[in-house]
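I have placed the structure first, in the form of structure tokens, so that the comments after it can refer back to it.
Side chains are part of it too, since the values below use all heavy atoms of this structure and drop only hydrogens, waters and symmetry mates. What you are looking at is a predicted structure, and each value in this text was computed from that prediction instead of being measured. The sequence lines fix the lettering, A, B, ..., with proteins before strands; numbering per chain opens at 1.
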Amino acid sequence: MKIATWNVNSLGVRLPQVLDWLAANQPDVLCLQETKLTDDKFTHAEFKEAGYESQWFGQKTYNGVALLSKTPANDIAKNIFGFEDEQTRVIAGTVGDVRVIGAYFPNGQEPGSEKFAYKMKWLDALREWVRSELAKHPKLALLGDFNIAPEDRDVCDPVAWAGQIHCTVEERDHFQKLVGLGLHDAFRLFDQAPKLYSWWDYRMLAFRRNQGLRIDHILVSDALKPRVLACHIDKLPRKNERPSDHAPVVVELS
DNA sequence: ATGGCCTTGGTACAAGGA
């Protein structure tokens with residue numbers, strides 16, 4: 001079973017690239033972030049044509065998430081239960097025997113800002129909800145654009161990024177608290193080459209220079225960990241014309 | 001060469017992203 005996540009930075013713009021990627025990679029599940037489409041504009045017919053069922057949760061201009069799967073997802077949840085939020089950031093469903101939670105974590109803008117405070121509250125709420133989901137569904141994957149680089153080795157220039165958004169102690173503490181629920185960063189279950197990232201700024205020729213961050217993650221539960229065969233970041237779509245600034249992350253399960 | 005982008009809404013440029 002192959003499960004993937006990709007922040008597409010506008011599905012309206014990126015749909016052809018997503019369809020190409022699905023055809024080439026054939027994941028069983030793909031979680032999308034930053035679809036930026038209202039629900040009436042979601043491209044479920046195109047995905048159906050490509051062999052995928054869709055669940056989606058969008059809004060105008062910003063955010064927006066979706067869960068694509070070869071077999072229908074059940075027990076769909078949208079956003080964090082009990083956490084009032086105008087923003088569409090979470091979609092969850094059960095595919096086969098795996099509970100899949102796809103999330104677009106808040107950016108946070110800069111430490112000390114209102115958006116950073118929202119990120120902290122959102123992370124608190126997410127953790128408590130994921131705790132309850134884990135109790136109900138031991139075989140669980142939490143994946144998406146976390147907007148957190150967990151460690152210095154996930155950062156191209158740790159000195160320049162020290163204390164900056166995505167790299168603050170507060171954000172990294174939150175990441176570790178999520179891991180503390182009984183989750184594992186699938187990427188780090190394996191020996192990986194150094195300097196592998198999932199996001200590169202559009203500016204400054206950052207991709208060509210590999211000046212990136214690893215902020216897109218797949219966390220797997222204790223019960224799922226023994227089934228993890230591989231995890232990798234697919235840089236190929238970042239080389240497309242008009243690419244998303246993020247690359248897909250893929251985990252393979254037995 | 002130390003700065004270099006992209007998307008949306010809406011039709012000029014501001015806001016947000018990371």
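- For the C1' atoms, the distance from B:dA15 to B:dG10 is 14 Å, rounded to whole Å.
- A donor-acceptor contact under 3.5 angstrom links the side chains of A:Lys70 and A:Gln26, judged on distance only.
- Judged purely by distance below 3.5 Å, without hydrogens or angles, the side chains of A:Glu34 and A:Asn9 never pair a donor atom with an acceptor atom.
- Between the side chain of A:Gln17 and the backbone N or O of A:Arg242, at least one donor-acceptor pair lies under 3.5 Å.
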Sort me out a list of protein N/O and nucleotides 1-7 of chain B N/O pairs below 3.5 Å, or just none if empty.
unit_1 : atom_1 : unit_2   : atom_2 : d
B:dG4  : O6     : A:Arg209 : NH1    : 2.6
B:dG4  : O6     : A:Arg209 : NH2    : 2.9
B:dC5  : O4'    : A:Tyr202 : O      : 3.3
B:dC5  : O4'    : A:Arg203 : N      : 3.2
B:dT7  : OP1    : A:Arg14  : NH1    : 3.0
B:dT7  : OP1    : A:Arg14  : NH2    : 3.3
B:dT7  : OP2    : A:Arg242 : NH2    : 3.2

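- Here the side chain of A:Tyr104 pairs no donor or acceptor atom with the backbone of A:Thr88 at under 3.5 angstrom.
- A donor and an acceptor atom sit less than 3.5 Å apart, one in the side chain of A:Asn107 and one in the base of B:dA18.
- Taking every heavy atom of residues 109-125 of chain A and every atom of DNA chain B, pairs under 4.0 Å involve A:Lys115, by number.
- Here the closest heavy-atom approach between residue A:Thr5 and residue A:Gly144 is recorded as OG1-CA, 3.2 Å.
- To the nearest angstrom, C1' of B:dG17 lies 19 Å from CZ of A:Phe146.
- With salt bridges taken as basic N to acidic carboxylate O contacts below 4.0 Å, one links A:Asp185 and A:Arg214.
- A side-chain donor from one of A:Trp21 and A:Asp234 sits under 3.5 Å from a side-chain acceptor of the other.
- Remark: C1' of B:dG16 and CG of A:Asn63 are 10 Å apart, rounded to the nearest angstrom.
- The nearest pair of heavy atoms linking A:Ser132 to A:Trp129 is OG-O, 2.7 Å.
- Taking atom NZ of residue A:Lys60 and atom C1' of nucleotide B:dG9, one finds them 7 Å apart after rounding to whole Å.
- In this structure, the OH atom of A:Tyr62 is 9 Å from the P atom of B:dG9, given to the nearest Å.
- B:dT7 sits 13 Å from B:dA18 when the P atoms are compared, rounded to a whole Å.
- OP1 or OP2 of B:dA18 has at least one side-chain nitrogen or oxygen of A:Tyr104 nearer than 4.0 Å.
- A salt bridge links A:Arg172 with A:Asp152; the closest basic N to acidic carboxylate O contact falls under 4.0 Å.
- Under the 3.5 Å distance criterion, the side-chain polar atoms of A:Arg99 are left unmatched by any main-chain donor or acceptor of A:His137.
- In this structure, A:Asn7 reaches the sugar-phosphate backbone alone: every heavy-atom distance under 4.0 Å involves primed, P, OP1 or OP2 atoms, never a base.
- Salt bridge present: A:Asp97 and A:Arg227 bring a charged side-chain N and a carboxylate O closer than 4.0 Å.
- Contacts between residues 153-171 of chain A and DNA chain B, counted as heavy-atom distances below 4.0 Å, involve A:His166.
- In this structure, CZ of A:Arg89 is placed 12 Å from P of B:dG16, rounded to the nearest angstrom.
- For the P atoms, the distance from B:dT8 to B:dG4 is 22 Å, rounded to whole Å.
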